[in-house]
Amino acid sequence: MASKPRTLPLNKRGMNFEMFMWIITRLTALAMYGLILIAIIGALIMGARNQMNIADVLRWGFMPNAGHVQSVPLENAEAWATPFWRWVGSALLLVAVGHGVHGLVVIADDYIVSERGRGVVRFISIVMMIGMSIIGLYVLWTA
Amino acid sequence: MQVTLKIFRYNPEVDTTFHYESYVIENAQETDRVLDLLEHVKGYNDGTLSFRRSCAHGVCGSDALRINGRNMLACKALVRDVGEKITIEPLLGLKVVKDLIVDMEPFFDNYKKVLPWFINDSPLPADGRERLQSPEQRARFDDTTKCIMCAACTTSCPSFWASDDYLGPAALVAAHRFVFDSRDEAAAERMEIVSETSGLARCHTAFNCTMACPREIQITKAIGELKMATITGRVE
Amino acid sequence: MGLKRNVSLAKGLRYKGQGPMLTFVLHRLGGLAMGIFVTTHILSSFVGGDVGKFFNDMYTNWLFQVVMFFLILFHAVNGLRITILDLWPGLLDHTREAIWIEWAVFIPVYGLALFAIVTSALGG
Amino acid sequence: MNNVHQFDVVVVGAGGAGLMAGLYASRGAKTAVISKLYPTRSHTGAAQGGISAALGNYEEDKPEWHSYDTVKGSDYLGDQDAIEFMCNEAIDAVLELEHMGLPFDRTPQGKISQRPFGGHTNNETGKPVRRAAHAADRTGHMILQTLYQQCLKNKVNFFDEYQVLDFLIVNGKTAGVIAVELATGELHTFHAKSVVFATGGHGRIFEVTSNAYAYTGDGAAVLLRRGIPLEDMEFFQFHPTGIYKLGILITEGVRGEGGILINGLGERFMPKYAPTVKDLASRDVVSRAIYTEIREGRGVNGQNYVYLDVRPESVIKYAAMDGRTNLDGTPYTITGEQVLAKLPDIIDFCRVYLGVDPITQMMPIQPTAHYTMGGIPTNKFGEVVIDENNTVFPGLYAAGECACVSVHGANRLGTNSLLDLVVFGKYAGLKAAEYANQAEFETLPSDVESAARSQFDALRNGSGKENAFDLSTEMKKVMFEEVGIYRSEKGMKAAIQKIQEWKARYQQVKVSDAGRIFNTELLNAWELGNMLDIAEVVAECALNRKESRGGHSREDFPNRDDHNWLKHTLAWKKNGKVEIGYKPVVITKHKPKERVY
């Protein structure tokens, strides 16, 4: 019976930008879940249970940025603005921007079929991705 | 029982656009197929009503239509299941040529793109007998061999609605049938074709195809397996 | 000859695709909404001043939050379902069941968020 | 004359035989395949059980045994040289399909799996032998798909949704065909050196049929009008258990599992007709029994159907009455789960089409028209032969259900239809290309389309007094009742009278659709004309044959009569009348004897 190995070599399995981004989109989704979980657990450790309401915790969870807890009377505001949280926030930002911008590319690709059109969309997306990342990082690290 | 059919009508030689026409059928049975009702309308109400049909029991794939807003075969949809008020429209995403008849060429063109034929250029077994394949290897692609190319899946897909450039579920099902056949040797060529921008990446697992398939093929799963194959390379 | 191939958004949305199609539509809607929201939020935080304040204040509106939370949470829960099914395609046999589970998870979580938003809106 | 195409070989029909012919012809000549449907819609795709070949993948089997079984199944009317040829070719044909990628089911050793089928036996022991190679219960679908895919691979020229209307003869030789492009309504002339007809059967002349809407005998009718005879048209196979009204098959396996037939009075009626084997009698016997019950008013609710009952409690009850036991001698029992496991497809059909769950309810069934044994006479190379002396018509070929080689004689054996179309499709294609490569194109006359055009014009210009749908419904009903399972002189004479009336009324039919684009009304009306022509030939041939043999059962002549009737019927249409001639049956090894299973 046919027993040739049925695993295609890396360059012959159709792995290209599209499919690479397809898997990246899934992986970034999982990564976001992980980072959000870290942020929420961190908030609870830092005493969020007594100091914050659910909405505040969620806002922090989605983006562990000191700016997001400005309005909360915190006992130790310092702990919420450490470089660690800025790094977690930065990671979340980059992952989210990558995931989101690619999501927009996917939607555009559904409707825009020409090579040229898709090229333009990709160019705009890359510009947007870099721009948003830089601005976002600036806001994060200066907040 | 009385059944009311509301049928999409368009005669390219007279009309500039489509309209709906209603027909009341008095002595319909619960077990009548929608196809039977269409035949009745054609026989007694309006002979000009045009639609495709052949086998009338769900194996030829001629009469895929949008019935009450959902793709199905008119010969597998019974009055009992679709109700007494039935709206019948042509498939979405293909040009309407006349009444319920759509232009199937783009659909078949997409099918032909994925090399939907067996490719194995290695020499045959020396005794001239069959190439061997275990029952497990055979079972691996059984589901996707069931396709009758009725186009119910492809024309239910939001990505195909957006653009008929997308290969569509049916073509990907055909690719799956050969990629996962242990005897076939052209998996790499097919993977290259289906992973192009108009291929796998356009599937967003909306699942309409699987819901519409009259053969109950797990289409979304087949496409999912092709997607994973682009990552892992495993095609067995 | 023949009618143009013309599937408008409205026509497509009228297709009776049932549960799975609904999740697809909501996922896409949520993704788009989030794209717009996050972009304006980051930009307004960057710009600051009255314009920035205007947008950022808008987000504290409880009605806005009710809608936004729905879309974000749904996108998150549905995205997890898609990710799991995509990475293990064998599970796609059970898409219908997965969608039931998805709603079973989403409804209480969103209910909790709704409760928090509404009580804080009414209370303070 | 804008739409003229020139091809060496034109194949009409894209089912199994047409695609096989197209594939083989295209390897040696410029070939076009014309089909009124997309090829994947062809009715080959509805075949389920398998394709027979003595591969011997499970146990010993020989082509000779296959031949004998086929001869016996044909009630000795099959031509034994052709049968032997087919059965010898079978092994290579099935292996070739596998090499083309057909996904056959597999044995544990990885070979093509085979299953037993009615009439397939080990000739030495008389026991059933596993001979039917199968791909689940979709063997025909897989053959159709595989052949279509191979044709695409080999870049065969397809003309999909073109209906062939006329066959062109110039100087007594094949010159091509005229077809209408359904999408535009335009006539096209296909100028060809050889033409292969593979247009399928004509089961749609009967009210209840397992056949597709497309099965209207177009190819046979077109040739008949051009002076080509048809062979053995009185032989038509009726399957006893079709779903009520729809005709969809319910396999014999249901009765094999202990299912029983029940009439409108709630009685089990088969013991009256076959006291020993009862519900498991042969197809023709059971079909006749069911039909008799219905005719004598014992159908369910006075309608024309009876019940097939496979509910476990009924099966157990009647099995006990029959003294049926398991192999170990214990009384035969069955559970609902076992029924479901053994008959999944039938249960699915019943649930979809009847809303009936066979495990808890009885299935309404009636005999259904199934397969055309007769057709365009050919020799074993697919060459059409037009008289008693087997004179070959230059450049004309036929294969598949529309042809009569004859390998099925008076009754076809299960799984031989798929084998027939693969083997003879291949040879028809090969021979057509071979002929085309040494022949010249005949010069076409200028008015080449006129005969086809006038047929359409007549339908467009009718008085409109008659409704084609009514006419067709009436024809199907009468044909099913009078020229169906049971035939008698009185009934058939009445039917022939009616056919003449319908043909007159057919002249009054008017097509209301004046358009050209996808004028399916015009097409259906034209198909009705073909069906009327074919029905006439079927009825005349059946009336003429004064014996009962295989699928032809006469109440007034209940026995087989080898002395007078061991011969093929040939029927011509001349001056509006059916003329009948005969042709001897080729008998080589197996002398006719009584047929008992």
Side-chain angles (χ1 to χ4, degrees), chain B residues 8 10-13 15-18 66-72 87 89-99 101-103 106 143 155-164 176 200 203-212 216 218-229 231-232, chain C residues 1-35 71-72 74-106:
Chain B
F8 179 103
Y10 166 69
N11 180 350
E13 290 163 275
D15 306 331
T16 49
T17 185
F18 65 90
R66 199 154 33 107
I67 297 169
N68 287 346
R70 192 177 303 164
N71 285 358
M72 52 184 94
T87 307
E89 296 159 290
L91 297 173
L92 273 176
L94 294 169
K95 270 191 222 166
V96 176
V97 183
K98 181 183 180 186
D99 293 340
I101 296 179
V102 292
D103 177 14
D143 201 35
T155 57
S156 73
C157 176
S159 298
F160 186 78
W161 297 337
S163 157
D164 61 358
H176 180 279
L200 295 172
C203 168
H204 312 308
T205 62
F207 212 65
N208 279 1
C209 54
T210 309
M211 306 277 275
E216 288 165 13
Q218 291 295 326
I219 303 175
T220 315
K221 181 184 172 192
I223 299 175
E225 286 171 351
L226 284 171
K227 285 176 181 166
M228 273 317 274
I231 309 299
T232 64
Chain C
M1 196 163 46
L3 291 176
K4 282 210 190 73
R5 182 196 122 86
N6 189 1
V7 196
S8 65
L9 200 57
K11 226 180 199 176
L13 286 175
R14 248 180 275 139
Y15 184 85
K16 297 222 168 55
Q18 298 172 290
M21 183 175 155
L22 180 69
T23 64
F24 162 73
V25 172
L26 288 177
H27 192 82
R28 192 156 264 207
L29 206 62
L32 277 171
M34 242 187 292
L71 291 173
I72 292 174
F74 187 83
H75 193 91
V77 175
N78 190 52
L80 188 62
R81 192 256 312 170
I82 293 176
T83 303
I84 292 170
L85 296 189
D86 274 357
L87 295 181
W88 289 276
L91 295 175
L92 281 162
D93 274 345
H94 307 290
T95 301
R96 286 180 194 79
E97 291 83 348
I99 288 173
W100 284 116
I101 295 172
E102 180 188 328
W103 284 109
V105 171
F106 172 78

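If you're wondering where the values come from, they're calculated on a predicted model, not measured in any experiment. Numbers restart at 1 for each chain; the letters A, B, ... are given by sequence-line order, proteins then strands. Atom set for the values below is all heavy atoms of this structure, side chains included, hydrogens, waters and symmetry mates excluded.
For the atom pair C:R96 CZ and C:Q18 CD, the distance stands at 8.0 Å (nearest 0.5 Å). In this structure, C:L85 CG and B:F207 CZ are separated by 9.0 Å, a value rounded to the nearest 0.5 Å. Atom CG of residue C:D93 and atom CG of residue B:D143 lie 8.0 Å apart, to the nearest 0.5 angstrom.
For the options B:G224, B:A212, B:A206, heavy-atom pairs under 4.5 Å to chain C are most numerous at B:A206. Interface summary for chain B: among C:R5, C:K16, C:R14, the most heavy-atom pairs under 4.5 angstrom belong to C:R5. Note on C:K11, C:R28, C:M21: by heavy-atom pairs under 4.5 Å with chain B, the leading option is C:M21.
Contacts between residues 75-83 of chain C and chain B, defined by a heavy-atom separation under 4.5 Å, are made by C:I82.
Atom CD of B:E216 is surrounded by 12 or fewer heavy atoms from other residues, nucleotides or ligands within 6.0 Å.
Using a 4.5 Å cut-off between heavy atoms, B:N68 contacts chain C through its backbone alone, with no side-chain atom that close. Neither the backbone nor the side chain of B:T232 has a heavy atom closer than 4.5 Å to any heavy atom of chain C. When heavy atoms are compared at a cutoff of 4.5 Å, B:E225 approaches chain C by way of both its backbone and its side chain. The contact between B:A162 and chain C is made entirely by backbone atoms, counting heavy-atom distances below 4.5 Å.
Across every non-hydrogen atom of B:K221 and C:G90, the tightest pair is CE-CA, 4.0 Å. The heavy-atom pair separating B:D164 from B:P106 by the smallest distance is OD2-CB, 4.3 Å.
Panel note: side chain B:D99, backbone B:I101; no donor-acceptor pair is recorded below 3.5 Å. Counting only distance, with no hydrogens or angles, the side chain of B:K227 and the backbone of B:C203 share a donor-acceptor pair below 3.5 Å.
A donor-acceptor contact under 3.5 angstrom links the side chains of B:T155 and B:N71, judged on distance only.
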